[in-house]
*Asks:* 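Below is a structure I'd like to ask you about.
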Protein chains: 2
Amino acid sequence: MSSEIEQMCIAKGMRMTDQRRVIAKVLSNANDHPDVEEVYRRATDIDSRISIATVYRTVRLFEEAGILERHDFRVESGENRARFELVSEMHHDHLIDIEGGEVIEFHDKEIEELQKKIAEKHGYKLVDHRMELYGVKIR
Amino acid sequence: MSSEIEQMCIAKGMRMTDQRRVIAKVLSNANDHPDVEEVYRRATDIDSRISIATVYRTVRLFEEAGILERHDFRVESGENRARFELVSEMHHDHLIDIEGGEVIEFHDKEIEELQKKIAEKHGYKLVDHRMELYGVKIR
DNA sequence: ATATTTGCAAACCGTTTGCAGCAAG
DNA sequence: CTTGCTGCAAACGGTTTGCAAATAT
């Protein structure tokens, strides 16, 4: 059976190679926000004939096709790797545990509404936004 | 007369070189959000004996001293340069014109409050956040 | 058959760093 | 005098790319 992303690719008329199928599967199954290295690890685990260059090309392709969303979370270690997740029907933002690294997804209608209003107040139509909350667990 | 940033540096006991003084002045006078190349341009305009390496070292120093804030605005051209601004007494977020590139600062108490609540609802203490609105001018 | 994709390694770009000389305290 | 700063050029790390071979359609 083909993965969720593979279906989307087919729907968009993309040429499906073994590599793309594997990467599509890895990303479809991910419920975290892996970076390219991690996708590469998981993909080569399934099929070793995949190069990191192809992973880079493929996540970019998927992103441009509106299948994946790219994030640049600010992270303690200062490493600057982009992380990816499947675009979901429901838009959401992220709360990042700066100690543990976990990422919690949330959606707040009220904030979204306020953001739109702020843009309008300044004479702008809001076309995108980025909101990341950074926190530490209360124990 | 010494610039706002220079005063802060002195207050923190930093060794003041000509290069640092010039860079401090450039950043104190900036009311935009220049990247390193732009700071370098403005600085060498005043005194050509400044290298880009020193600009990099100095903005990092100022950032770590809590004098500057670093931003990584998402930008159409895909270029990934960090941009800097003097930390202001009043915290604010940014509305970025994705066409013109202008950056508008704003502050919304209500959103800040909601962000804190969201973090708490998930068992986190909010320690930082990043909120950028991307818009197009309504003509 | 042809157009697209791949792996490889080299290039890229923003940023950092080792080092020897220079300047601040 | 000592410690820290600078310029230079080389290294870095994540990402992209030119190319010839391999593959999808």
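Every chain is numbered from 1, with letters handed out A, B, ... down the list of sequences.
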*Asks:* Do nucleotides 20-25 of chain C as a string where each nucleotide becomes B, S or -: B if the base has a protein heavy atom under 4.0 Å, S if just the sugar-phosphate does, - if no protein is that close.
*Replies:* ---BBS

*Asks:* Describe, as an angle rounded to 10 degrees, how the axis at the first end of the helix from dA1(C)-dT25(D) to dG25(C)-dC1(D) is tilted relative to the axis at the last end, five pairs per end.
*Replies:*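 Between the first-five-pair axis and the last-five-pair axis there is 30°.
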
*Asks:* Does the protein touch nucleotides 7-14 of chain D at the base, only the backbone, or not at all? Give it as B, S and - per nucleotide, heavy atoms under 4.0 Å.
*Replies:* BB-----S

*Asks:* Measure the distance from CG on L61(A) to C1' on dT6(C) and round it to the nearest whole Å.
*Replies:*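 Rounding to the nearest Å, CG of L61(A) and C1' of dT6(C) are 13 Å apart.
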
*Asks:* Let me know the distance between CD of E64(A) and P of dT5(C), rounded to the nearest Å.
*Replies:*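 The answer, rounded to whole Å, is 12 Å.
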
*Asks:* Apart from L114(A) itself, which Ile, Leu, Val, Met, Phe, Trp or Tyr residues share its cluster (side-chain heavy atoms under 4.5 Å, direct or through members)?
*Replies:*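 The other cluster members (ILVMFWY side chains, heavy atoms under 4.5 Å, direct or chained) are L95(A), I104(A), F106(A), I111(A), I118(A), Y124(A), L126(A), M131(A), L133(A), L95(B), I104(B), F106(B), I111(B), L114(B), I118(B), Y124(B), L126(B), M131(B), L133(B).
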
*Asks:* In this structure, how many angstroms lie between the P atom of dA24(D) and the CD1 atom of I10(A), rounded?
*Replies:*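 About 13 Å, once rounded to whole Å.
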
*Asks:* Quick one: name the residues clustered hydrophobically with I67(A), using the 4.5 Å side-chain heavy-atom rule over I, L, V, M, F, W, Y, and just say none if it's on its own.
*Replies:*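 Result for I67(A) is I5(A), M8(A), I10(A), M14(A), M16(A), V22(A), I23(A), V26(A), L27(A), V36(A), V39(A), Y40(A), I46(A), I50(A), I52(A), V55(A), Y56(A), V59(A), L61(A), F62(A), L68(A), F84(A), L86(A).
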
*Asks:* Who passes ring pair (Phe, Tyr, Trp, His ring centres under 6.0 Å) against H122(B), sequence neighbours left out?
*Replies:*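 Expected list: none.
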
*Asks:* CG of D72(B) versus C1' of dT15(C): gap in Å, rounded?
*Replies:*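 These atoms are roughly 12 Å apart.
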
*Asks:* Find the distance between CG (D108(B)) and CD (E110(B)) and round it off to the nearest 0.5 Å.
*Replies:*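 These two atoms lie 6.0 Å from each other.
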
*Asks:* Just jot down the ring pair (Phe, Tyr, Trp, His ring centres under 6.0 Å) partners of F73(B), sequence neighbours excluded, or say none.
*Replies:*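 Testing F73(B) for ring pair (Phe, Tyr, Trp, His ring centres under 6.0 Å), a comparison that skips the adjacent residues, returns H71(B), H94(B).
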
*Asks:* Please give me the minimum heavy-atom distance between R130(A) and Y134(B), naming the atom from each residue.
*Replies:*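 Taking R130(A) first and Y134(B) second, the nearest heavy atoms are NH1-OH, 4.1 Å.
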
*Asks:* Quick one: do R70(B) and E85(B) make a salt bridge, cutoff under 4.0 Å?
*Replies:*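 Between E85(B) and R70(B) there is no salt bridge, as every charged N stays at least 4.0 Å from the carboxylate O atoms.
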
*Asks:* In terms of side-chain heavy atoms, does E105(B) have a donor or acceptor partner in H91(B) at a distance below 3.5 Å?
*Replies:*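 There is no such pair between these side chains.
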
*Asks:* State which residues pass side-chain hydrogen bond (donor to acceptor under 3.5 Å, both in side chains) with R49(B); sequence neighbours excluded, sorted by chain then number.
*Replies:*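 R49(B) satisfies side-chain hydrogen bond (donor to acceptor under 3.5 Å, both in side chains) with D18(B), D47(B) once adjacent residues are dropped.
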
*Asks:* Can you list the residues that meet the side-chain contact (heavy atoms from CB on, under 4.5 Å) rule with D45(A), with sequence neighbours excluded?
*Replies:*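 For D45(A) there are no side-chain contact (heavy atoms from CB on, under 4.5 Å) partners, ignoring immediate neighbours.
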
*Asks:* Report the distance from atom CG of D47(B) to atom P of dT6(D), rounded to the nearest whole Å.
*Replies:*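 From D47(B) CG to dT6(D) P: 12 Å.
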
*Asks:* State plainly whether the residues K116(A) and E112(A) are in salt-bridge range, i.e. N to O under 4.0 Å.
*Replies:*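 Judged by the 4.0 Å cut-off on N to carboxylate O distance, K116(A) and E112(A) do not form a salt bridge.
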
*Asks:* Can you list everything that forms a salt bridge (charged side-chain N to carboxylate O under 4.0 Å, His left out) with D35(B)? Sequence neighbours excluded, please.
*Replies:*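 With sequence neighbours excluded, D35(B) shows a salt bridge (charged side-chain N to carboxylate O under 4.0 Å, His left out) to R81(B), given in chain and number order.
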
*Asks:* Could you identify which residues of residues 23-31 of chain A place a heavy atom less than 4.0 Å from some atom of DNA chain C, listed by residue number, or say none?
*Replies:*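 Residues of residues 23-31 of chain A under 4.0 Å from DNA chain C: none.
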
*Asks:* With sequence neighbours left out, what residues match D128(A) under side-chain hydrogen bond (donor to acceptor under 3.5 Å, both in side chains)?
*Replies:*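 So D128(A) forms a side-chain hydrogen bond (donor to acceptor under 3.5 Å, both in side chains) with R74(B).
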
